[in-house]
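The shown structure was predicted, so the numbers you read here are calculated from the model rather than taken from an experiment.
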Protein chains: 2
Amino acid sequence: MSQQSIHRATQVLGLFTFEKPSWRVSDIAKALGLAVGTTHGIVSALERCEFLAQDPASKEYKLGLKLLELGALQSVTFSLNRKAATPINYLSRHTSTIGRVGVLNNDVVLTTMSTDHQEWHPSSYIGPTVPAFCTGIGRAILAYMPGEEVIAHLARVKLHQYTSKTLTDPVRLRAEFTATRERGYSLVYGETLVHLDTIGVPVFGPEGRVVGAVSLSGNPGQFASGDVAELAPQLLDAAMEISTHMGYRPQPHFL
Amino acid sequence: MSQQSIHRATQVLGLFTFEKPSWRVSDIAKALGLAVGTTHGIVSALERCEFLAQDPASKEYKLGLKLLELGALQSVTFSLNRKAATPINYLSRHTSTIGRVGVLNNDVVLTTMSTDHQEWHPSSYIGPTVPAFCTGIGRAILAYMPGEEVIAHLARVKLHQYTSKTLTDPVRLRAEFTATRERGYSLVYGETLVHLDTIGVPVFGPEGRVVGAVSLSGNPGQFASGDVAELAPQLLDAAMEISTHMGYRPQPHFL
DNA sequence: AACAGCATTCGATAATACCGAAAGGAATAG
DNA sequence: CTATTCCTTTCGGTATTATCGAATGCTGTT
């Protein structure tokens, strides 16, 4: 069709992960099934544009500074973040919890904003993407997605047992989605990390489609049932405000 | 030469700024002097790879989620950040100041890490890039760069008067670089933002070249002369530790 | 209802990226 | 110290691929 060069370039960039942040030309070529000469052309083009940077000593390539620049720009101009920043920051500070904003992208939750800058730090890095089925944001989104899409999603992803509390049975998960809809918010008690509890509320856009979710997280002590009764309404309010700004118009009830 | 497709793709991405985060195909074509058909090919390839996202209603393109992912990954695997994270976080908390890590890239300072998550928020966004000549990190780097490179840099950039205190005279700036070398750290009192004071210390790599800098910022009350006398040695210590981890080996004095 | 402006599609052409081989370097083994 | 190996980088011919310009289709406006 069109533009395979660009597609290959993005494939190269997609190889870089937290576990393997440095790649040699020949390994990239092997991973993508391309000739080394071809790969070298792509890689050096990406280097000239600062999408990759080469360590002069080891000849290995790492992600370049231009990506940092573009990533920060995308985050800051992302409409969901722009709408959610003020209310979620306020709630997070006011309630001493960690506030997050995220979307479901390629079957994983991509955290697009977080009030916890710790989480971006190298030491405890798990990546900006987390599974959907066992996180506050993911559950909130899945609970309000069309049923067939949810089933397809659950079939595609691996329901890994992260902690002893993690729900991995599709049937029980769907029951939990129903419960989430009845409550209006998701509840995840130590299913991702043992000492982390989260509540999540979906954000809607035009035509009532879920476009993302917001969440508050903290240690188990902060999420006793009484605390949740206080937190949830505030987060629901915030999410409604964000949804409205995202173009959501609640259906009139008389229809 | 090679790979103009990729180069054009990055040119497209480079058009997106905080001031203009949304582009139409025809405007991109105009800005880059390409045919609209050609531009559409590039843009839709970038969209397929999630480097761009199209608003279905307005048909305008914005930066895509993949860039957020890659940007976060680059930040977290960036070796300077990895080495600086622990000491700068500690210092920042311990002294109630804002800690930053940055490099000089294309004549501007790119902030690669910051303990102030406020600054990434839409409301007060000035971009991850800031001028070098009037910021703590920038001054620290410039002061330790080879003289001819500094002169070339100062000739290329516009020395804008951000506040009434901003030094814009190249001669006085070079005197300040000398003073910075004598002190070992840069001092910037309200030259970028009136109510922000900063001290910056360079980070060295192999062969003694400056590879970046770290800084501490706060409001003017926190940076009285006595306070600086306490802060500076700690930041100098931290920077030396980071430099060592970056491969810097101090020259033996007996040579 | 006609128009204007834009995104998108399409086909022919010419340029460009691809491949495979070879050269150049660096590190390790003999 | 030399030989070997592995990897990066360069090079040229070929075929694929991106490009351009025009045509089509869509949307919102006059």
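- Counting any heavy atom pair closer than 4.0 Å across all strands shown, A/Q54 reaches sugar-phosphate atoms only and no base atom.
- We find that CD1 of B/I28 is positioned 14 Å from P of D/dT19, with the value rounded to whole Å.
- Of the candidates D/dT8, D/dT19, C/dT8, C/dT8 carries the atom nearest the B/V36 side chain, counting heavy atoms from C-beta on.
- Going from atom CD of B/Q3 over to atom P of D/dC11 covers 16 Å, rounded to whole Å.
- For the pair A/R100/A/V214, no side-chain contact is recorded, criterion being any heavy-atom separation below 4.5 Å from C-beta on.
- Residues A/L34 and A/A57 both approach DNA chain C. Their nearest nucleotides, taken by heavy-atom distance, put A/L34 toward the 5′ side.
- Taking every side-chain heavy atom of A/K59 into account, D/dT8 is the closest of D/dT8, D/dT19, C/dC18.
- Between the side chains of A/E69 and B/N105, not a single donor N or O lies within less than 3.5 Å of an accepting N or O.
- Of the listed nucleotides (D/dT9, C/dT8, D/dT19), C/dT8 has the atom at the smallest distance from the side chain of B/H40.
- Distance alone, capped at 3.5 Å, is enough to place a donor-acceptor pair between the A/S186 side chain and the A/G136 backbone.
- The minimum heavy-atom distance between B/G41 and A/Q3, with the atom names listed, is O-CG, 3.3 Å.
- Here the side chain of B/Q4 is nearest to one of D/dT9, C/dA17, D/dA18, namely C/dA17.
- In this structure, B/A29 and B/T39 approach most closely via the heavy-atom pair CB-OG1, 3.2 Å.
- Here C/dA7 is the nucleotide among C/dA7, D/dT19, C/dC18 with the atom lying nearest to any side-chain atom of B/S26.
- Proximity of B/Y61 to the phosphate of C/dT8: a side-chain N or O atom is located under 4.0 Å from OP1 or OP2.
- Axis deviation across the helix from C/dA1-D/dT30 to C/dG30-D/dC1 amounts to 40°, comparing end segments of five pairs, rounded to 10 degrees.
- Of all nucleotides listed (C/dT8, D/dT9, C/dG20), D/dT9 comes nearest to the side chain of A/V25.
- Remark: A/R8 is not in phosphate contact with C/dA17, judged by side-chain N or O atoms under 4.0 Å from OP1 or OP2.
- In summary, the side chains of B/T115 and B/N89 do not present any donor paired with an acceptor at a separation below 3.5 Å, with no hydrogens or angles considered.
- Of the candidate nucleotides C/dC18, C/dA7, D/dT19, C/dC18 has the atom nearest to the side chain of A/I42.
- Rounded to a whole Å, the CH2 atom of A/W23 is 14 Å from the P atom of D/dC7.
- Taking atom CD1 on B/I6 and atom P on C/dT16, their separation rounds to 14 Å, with Å as the unit.
- Between the C1' atom of C/dC6 and the CG atom of B/D55 lies a distance of 15 Å, rounded to the nearest Å.
- Rounded to whole Å, atom C1' of D/dT19 lies 14 Å from atom CG of B/L32.
- Across all strands shown, A/T38 has heavy atoms under 4.0 Å from base atoms, whether or not it also approaches the sugar-phosphate.
- Mapping A/G33 and B/D27 onto DNA chain C via the closest heavy atom, the residue that lands nearer the 5' end is B/D27.
- No side-chain heavy atom of A/V210 sits under 4.5 Å from any side-chain heavy atom of A/L104.
- Distance, A/K30 NZ to D/dC6 P: 10 Å, rounded to whole Å.
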Discussion item. I'd like to know whether B/Y61 forms a ring pair (Phe, Tyr, Trp, His ring centres under 6.0 Å) with B/F16, so could you lay out the CA-CA distance, the side-chain angles of the two residues, the decisive distance to 0.1 Å, and finally the verdict.
Written reply: CA-CA 9 Å; B/Y61 287 88; B/F16 291 76; 8.3 Å; no
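- At whole-Å resolution of the value, CD in A/E60 and P in C/dA27 are 13 Å apart.
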